[in-house]
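Quick note: numbers below take in every heavy atom, side chains included, and nothing from hydrogens, waters or symmetry partners. Just so you know, these numbers come straight off a predicted model, no measurement behind them.
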Amino acid sequence: MIEYSERITIDPNVCNGKPVIRGTRIAVQSVIEYLSNGDSVDDIVEHLPGITHEDVYAALAYASNLMSRNFVLEPVGA
């Protein structure tokens with residue numbers, strides 16, 4: 001498993017607290033969206049200045065870790 005803690009940061013003052021690639025304002029969500037639209041890792045690194053291949057893999061590892069957790073949806077209001 002790729003270690004992402006050194007590459008992904010969350011700061012309430014940066015991008016409304018969304019997880020971003022350290023030292024950038026590039027949200028993990030944006031990286032995942034590029035990948036889901038068929039862009040390659042090379043394409044992403046070329047089009048998003050300041051990130052590396054390792055950053056893209058760290059974003060994937062972060063998303064994978066997040067999705068491995070259990071979620072419980074409860075109704076709101078009645």
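V14 and I8 are not part of a single hydrophobic cluster, where members link through side-chain heavy atoms under 4.5 Å apart.
Side chains of S40 and D43: a donor on one and an acceptor on the other come within 3.5 Å.
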Solution key, residues 19-26 side-chain donor-acceptor pairs under 3.5 Å, sequence neighbours excluded:
{"unit_1": "R22", "atom_1": "NE", "unit_2": "E6", "atom_2": "O", "d": "2.8"}
{"unit_1": "T24", "atom_1": "OG1", "unit_2": "I21", "atom_2": "O", "d": "2.7"}
{"unit_1": "T24", "atom_1": "OG1", "unit_2": "I26", "atom_2": "N", "d": "3.0"}

Listed pairs under 3.5 Å, donor-acceptor, residues 45-61 side chains, sequence neighbours left out:
{"unit_1": "T52", "atom_1": "OG1", "unit_2": "E54", "atom_2": "N", "d": "3.3"}
{"unit_1": "T52", "atom_1": "OG1", "unit_2": "E54", "atom_2": "OE1", "d": "3.3"}
{"unit_1": "T52", "atom_1": "OG1", "unit_2": "D55", "atom_2": "N", "d": "3.1"}
{"unit_1": "T52", "atom_1": "OG1", "unit_2": "D55", "atom_2": "OD2", "d": "3.2"}
{"unit_1": "H53", "atom_1": "NE2", "unit_2": "D42", "atom_2": "OD1", "d": "2.5"}
{"unit_1": "D55", "atom_1": "OD1", "unit_2": "R7", "atom_2": "NH1", "d": "2.8"}
{"unit_1": "D55", "atom_1": "OD2", "unit_2": "T52", "atom_2": "N", "d": "2.8"}

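Between D39 and L35 the shortest heavy-atom distance is O-CD2, 3.6 Å.
One finds the CD1 atom of I32 at 8.0 Å from the CD1 atom of I44 (value rounded to the nearest 0.5 Å).
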Show the numbers, then the answer: is there a side-chain contact (heavy atoms from CB on, under 4.5 Å) between Y62 and V31? CA-CA 11 Å; Y62 179 85; V31 174; over 6 Å; no

